[in-house]
Amino acid sequence: MSLPVHGTDTNLADSTIVAALPRLILDCDPGHDDAFAILVAAAFGELIGVTTTHGNVGVELTTNNALTVIEMAGLEVPVHKGMSRPLLAPLRNATRVHGETGLAGARLPAVATEAASTDAVGFIIGTVRETEDVWLVATGPLTNVAAALRAAPDLSERLAGISFMGGSAGCGNVTAVAEFNLAADPEAAAMVIASGVPVIKMVGLNLTYQVLVGAETITRLRAVGGGLSEVTADLIAHYAGVYDELYGWRGAPMHDPCAVAGVLIPELIGYERRWVEVELRGEHTRGMTVVDERPRLDLTQSNLEVGYTVDAERMRDALVEAVARFS
Ligand code: RIB
Ligand code: CA
């Protein structure tokens, strides 16, 4: 897979026009897989900003982790710190998987820069109002995204679309039916899905569990050479080790880069239109994405594009290429 040339270089002499890369803001909660989502977003798209949210760990730590990844990759992308708590749900974390720091398993350099602001929601609103064709890609709880859409409903007519990692058209992970990002803030997810944004793409666990990274990817990353490749290889070694302990799997699911690929490398992900609701009240089902899979002729009765198939091998290639780009 050849990485696209950045920007809108045109060389009219040979009448070769390189199309502009899709432009995106990445809202995330780094998190091992979020770290790779940042790198894939920067390598294959025009990443105009990163916003951070509570999620895997507290927002202070997710912000620090986002800054660390961006510094290690030598990126010039602003990071804006976001919401520290869900809209209504109690705060939860995923330290069992990602460790107390959120990026356990690697020796990380001390953060040298600071967040550009502590107003992620204001950054999202201002940027989308001033910039054409912005995608909002979310790989953590949807608190910032919901807050931005609630404060500025006009964004739904300006956004190119929303692509999020969350939910599942199958089993959950934090409960039998609920996935972490949506379980962390179900009200936010329901608000985003009902926001009226015309294009909303969802990759859930049913898809991301198909993209496992383990020993082979670690070897490929170490072969790239350099500090970033070592750190990313170490992160996957930790992450894969946790899934081996938890489930006996030979690799860990690379959830978040799939939401990025849905926008930047769309040929890798197969979507189907579905009507999806988020369960808010069920004693055993709160946070579940209820995906209506009944046969349907009238596709106007659908509100999301739900991911079902993925080219896992090429997703793994994209991870390695993104690390190589910035090593
Ligand atoms: O359930 C998987 C999701 O929860 C991923 O985004 C992972 O980073 C965690 O946030
Ligand atoms: Ca995440």
Side-chain angles (χ1 to χ4, degrees), residues 24-41 50-59 61-66 68-69 79 82-83 86 89 91-105 120 136-145 162-186 188-189 192 201-213 232 235-236 238-240 242-243 246-247 249 251-262 278 286-289 307 310 315 319:
L24 72 158
I25 294 170
L26 178 65
D27 187 72
C28 56
D29 63 332
H32 291 69
D33 51 335
D34 301 77
F36 283 90
I38 292 171
L39 298 173
V40 171
V50 168
T51 53
T52 56
T53 175
H54 67 87
N56 288 319
V57 288
V59 72
L61 283 171
T62 61
T63 305
N64 254 18
N65 293 340
T68 300
V69 172
V79 175
M83 311 278 277
L91 187 62
R92 65 168 70 212
N93 65 55
T95 53
R96 174 64 186 86
V97 173
H98 299 279
E100 292 300 322
T101 65
L103 286 180
L136 201 39
V137 179
T139 62
L142 291 167
T143 312
N144 290 336
V145 178
I162 293 174
S163 176
F164 71 91
M165 190 281 138
S168 178
C171 68
N173 52 11
V174 293
T175 72
V177 293
E179 175 278 330
F180 175 82
N181 286 338
L182 266 63
D185 197 339
V192 170
K201 302 162 87 96
M202 165 184 148
V203 287
L205 297 176
N206 61 293
L207 183 133
T208 61
Y209 276 163
Q210 299 174 51
V211 187
L212 300 185
V213 291
T232 52
L235 288 174
I236 289 187
H238 165 86
Y239 191 42
V242 170
Y243 273 83
L246 286 174
Y247 304 133
W249 288 2
M254 199 40 76
H255 306 288
D256 296 337
C258 293
V260 176
V278 179
R286 176 166 159 79
M288 174 182 184
T289 44
V310 57
M315 271 304 306
L319 302 178

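Whatever order the structure lists them in is the order used to number ligands and atoms, beginning at 1. Predicted model only: the values in this text are computed from it and were never measured.
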- Query: Taking the six-membered ring for Trp, are Tyr247 and Trp249 parallel (under 30°), tilted (30 to 60°) or perpendicular (over 60°)?
  - Reply: tilted

- Output yes when a side-chain donor or acceptor of His98 lies under 3.5 Å from a complementary backbone atom of Val57, and no otherwise.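 Not a single qualifying donor-acceptor pair exists.
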
- Non-hydrogen side-chain atoms of Leu319 and Pro257 separated by less than 4.5 Å: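 Yes, their side chains come closer than 4.5 Å.
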
- Item | For the Ca ion (ligand 2), every protein N/O/S atom that sits closer than 3.0 Å, waters excluded | Asp29 OD1, Asp34 OD1, Asp34 OD2, Thr139 O, Asp256 OD2

- Item | With sequence neighbours excluded, residues passing ring pair (Phe, Tyr, Trp, His ring centres under 6.0 Å) with Phe164 |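 Applying ring pair (Phe, Tyr, Trp, His ring centres under 6.0 Å) to Phe164 gives none.
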
- Message: Once salt bridge (Lys or Arg N to Asp or Glu O under 4.0 Å) is applied, what residue pairs with a partner in residues 162-185 remain, sequence neighbours excluded?
- Response: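 Qualifying pairs, neighbours excluded: none.
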
- Pro30 and its side-chain contact (heavy atoms from CB on, under 4.5 Å) partner, picked from Leu61, Asn56, Asn65: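 Among the candidates, only Asn65 passes.
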
- Message: For a quick check: using heavy atoms under 4.0 Å, what are the residues in contact with ligand 1, sorted by chain and number?
- Response: Asp29, Asp33, Asp34, Asn56, His98, Thr139, Met165, Asn173, Glu179, Phe180, Asn181, His255, Asp256

- Nearest heavy atoms of Gly172 and Leu205, plus distance in Å: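 Looks like C-CD1, 3.5 Å.
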
- Query: Once you round to the nearest 0.5 Å, how far does SG of Cys28 lie from CE of Met165?
  - Reply: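 Answer rounded to 0.5 Å: 14.0 Å.
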
- Query: How many angstroms lie between CG in Asp256 and CD1 in Ile38, if you round to the nearest 0.5 Å?
  - Reply: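 Atom-to-atom, Asp256:CG and Ile38:CD1 are 9.5 Å apart.
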
